[in-house]
Amino acid sequence: MSFQTSGFRMPRYDELPNMGLYLEQTVKYINECLSPLHIPVTNSMISNYVKKGYIDRPVKKQYYADQIAYAIFLVLSKQVLAMDHLASLIEMQKKSYPLPIAYNYFCIELEKKLITVFEDRDEQPLRTEGVAFEKKVLYRVVSAVAQVIYLNDLFQEDAEGEA
């Protein structure tokens, strides 16, 4: 089934679970959030992000909003950028914006870009004058993620049409 832009919404930071989820619950939650995008998440992916230091270690084996926000960002963005570059982007974010603001910006921009791509709308050129480097990079990552999601959707739709 093809991705539909209407009704798709990324969870905002204040909507992320913050009562502590075990690994399996965290993976299930992220998979539910990203299911319309057909980007699966596994326990080993999240464990590897923790092992490599991209996500903070769970507290008493539980993951909270910060860790879930980073996990969602990493799962989506690793489609288009190497993990070391994503780690650099996260470090830039930590120096520039609090996580709730940065994560919500990512969600809003991704939703807008998905609508633009899937509804075949003309893109507005990025105005780079006076825009912070971090925002430029994030905007380009979001654009690339949306394009990859779109292409994967096209191939999935084609494969379903052949079945």
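Everything quoted here is computed from the prediction, not taken from an experiment. Hydrogens, waters and symmetry mates are skipped; everything else that's a heavy atom, side chains included, is used.
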*Asks:* Can you find a heavy atom in the side chain of Met83 that is under 4.5 Å from one in the side chain of Leu74?
*Replies:*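 Met83 vs Leu74: side chains touch.
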*Asks:* Is there a path of hydrophobic side-chain contacts, each under 4.5 Å between heavy atoms of I/L/V/M/F/W/Y residues, joining Tyr64 to Phe73?
*Replies:* no
*Asks:* Distance from Leu76 atom CG to Ile149 atom CD1, nearest 0.5 Å?
*Replies:*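 One gets 5.5 Å once the value is rounded to the nearest 0.5 Å.
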*Asks:* Can Ile46 and Ile30 be said to form a side-chain contact (heavy atoms from CB on, under 4.5 Å), step by step?
*Replies:* CA-CA 10 Å; Ile46 302 300; Ile30 294 171; 4.2 Å; yes
*Asks:* Would a distance-only check, ignoring hydrogens and angles, find a side-chain to backbone donor-acceptor pair under 3.5 Å from Ser35 to Glu32?
*Replies:*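 Looks like yes, one N/O pair under 3.5 Å.
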*Asks:* Would Lys95 count as a cation-pi partner of Phe133, with NZ or CZ less than 6.0 Å from the six-membered ring centre and within 45° of the ring normal?
*Replies:* no
*Asks:* Is it true that Glu15 and Arg9 make a salt bridge, defined as a side-chain N closer than 4.0 Å to a carboxylate O?
*Replies:*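 Salt bridge flag = yes for Arg9 with Glu15.
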*Asks:* Could you check whether any side-chain heavy atom of Asn31 comes within less than 4.5 Å of a side-chain heavy atom of Lys28, counting everything from C-beta outward?
*Replies:*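 A side-chain contact is absent here, since even the closest heavy-atom pair is not under 4.5 Å.
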*Asks:* Counting C-beta onward and ignoring hydrogens, is there a side-chain heavy-atom pair between Gln93 and Leu99 closer than 4.5 Å?
*Replies:* yes
*Asks:* Using a 4.5 Å cut-off on heavy atoms from C-beta on, say whether the side chain of Glu109 contacts that of Leu138.
*Replies:*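 They are not in contact (no side-chain heavy atoms under 4.5 Å apart), so the answer is no.
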*Asks:* Answer yes or no: is there a donor N or O on one side and an acceptor on the other, between the side chain of Glu91 and the main chain of Ala87, under 3.5 Å?
*Replies:* no
*Asks:* Could you tell me if the side chain of Tyr105 sits less than 4.5 Å from the side chain of Ile108, heavy atoms only?
*Replies:* no
*Asks:* State whether the side chain of Gln25 and the backbone N or O of Tyr22 hold a donor-acceptor pair below 3.5 Å, judged by distance alone.
*Replies:* yes
*Asks:* Does Glu111 have any side-chain hydrogen bond (donor to acceptor under 3.5 Å, both in side chains) partners at least two apart in sequence or in another chain, and if so, which?
*Replies:* Arg12
*Asks:* For the ring pair Tyr150 and Phe118, is the centre-to-centre distance below 6.0 Å?
*Replies:*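 Tyr150 vs Phe118: aromatic centres under 6.0 Å.
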*Asks:* Should Tyr103 and Asp66 be marked as a side-chain contact (heavy atoms from CB on, under 4.5 Å) after you check the CA-CA gap, both sets of side-chain angles, and the distance that decides it?
*Replies:* CA-CA 9 Å; Tyr103 174 77; Asp66 282 8; over 6 Å; no
*Asks:* Less than 4.5 Å apart, side chain to side chain, heavy atoms only: is that true for Lys78 and Tyr49?
*Replies:*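 The answer is yes, as the side chains (C-beta and beyond) meet within the 4.5 Å cut-off.
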*Asks:* Return the minimal non-hydrogen interatomic distance between Tyr54 and Asp84, and the atom names on each side.
*Replies:*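 Closest approach of Tyr54 to Asp84: OH-N, 4.3 Å.
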*Asks:* Specify the closest pair of heavy atoms between Asp153 and His38, including all atoms of both residues, with the distance to one decimal.
*Replies:* OD1-CD2, 4.3 Å
*Asks:* Run the side-chain contact (heavy atoms from CB on, under 4.5 Å) check on Ile101 and Tyr13 step by step: do they pass?
*Replies:* CA-CA 8 Å; Ile101 291 170; Tyr13 183 85; over 6 Å; no
*Asks:* Within the 4.5 Å heavy-atom criterion, are Phe8 and Leu37 side-chain neighbours or not?
*Replies:*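 Yes, at least one pair of side-chain atoms sits under 4.5 Å.
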*Asks:* Would you call Asn18 and Ile68 a side-chain contact if the rule is heavy atoms closer than 4.5 Å?
*Replies:* no
*Asks:* Quick check: closest heavy atoms across Tyr97 and Ala132, and the distance to 0.1 Å?
*Replies:*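 In this case the closest contact between Tyr97 and Ala132 is OH-CB, 4.4 Å.
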*Asks:* Testing the basics here: between Val59 and Gln67, what is the closest heavy-atom pair and its distance to 0.1 Å?
*Replies:* N-NE2, 4.4 Å
*Asks:* Specify the closest pair of heavy atoms between Asp56 and Val50, including all atoms of both residues, with the distance to one decimal.
*Replies:*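 Closest approach of Asp56 to Val50, heavy atoms only: O-CG2, 4.0 Å.
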*Asks:* What closest approach, in Å, do Val80 and Val141 show between heavy atoms, and which atom pair accounts for it?
*Replies:*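 Taking every non-hydrogen atom into account, CG2-O, 4.0 Å.
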*Asks:* Using the rule that Ile, Leu, Val, Met, Phe, Trp and Tyr join whenever any side-chain heavy atoms are under 4.5 Å apart, tell me whether Ile115 and Met10 fall into a single cluster.
*Replies:* no
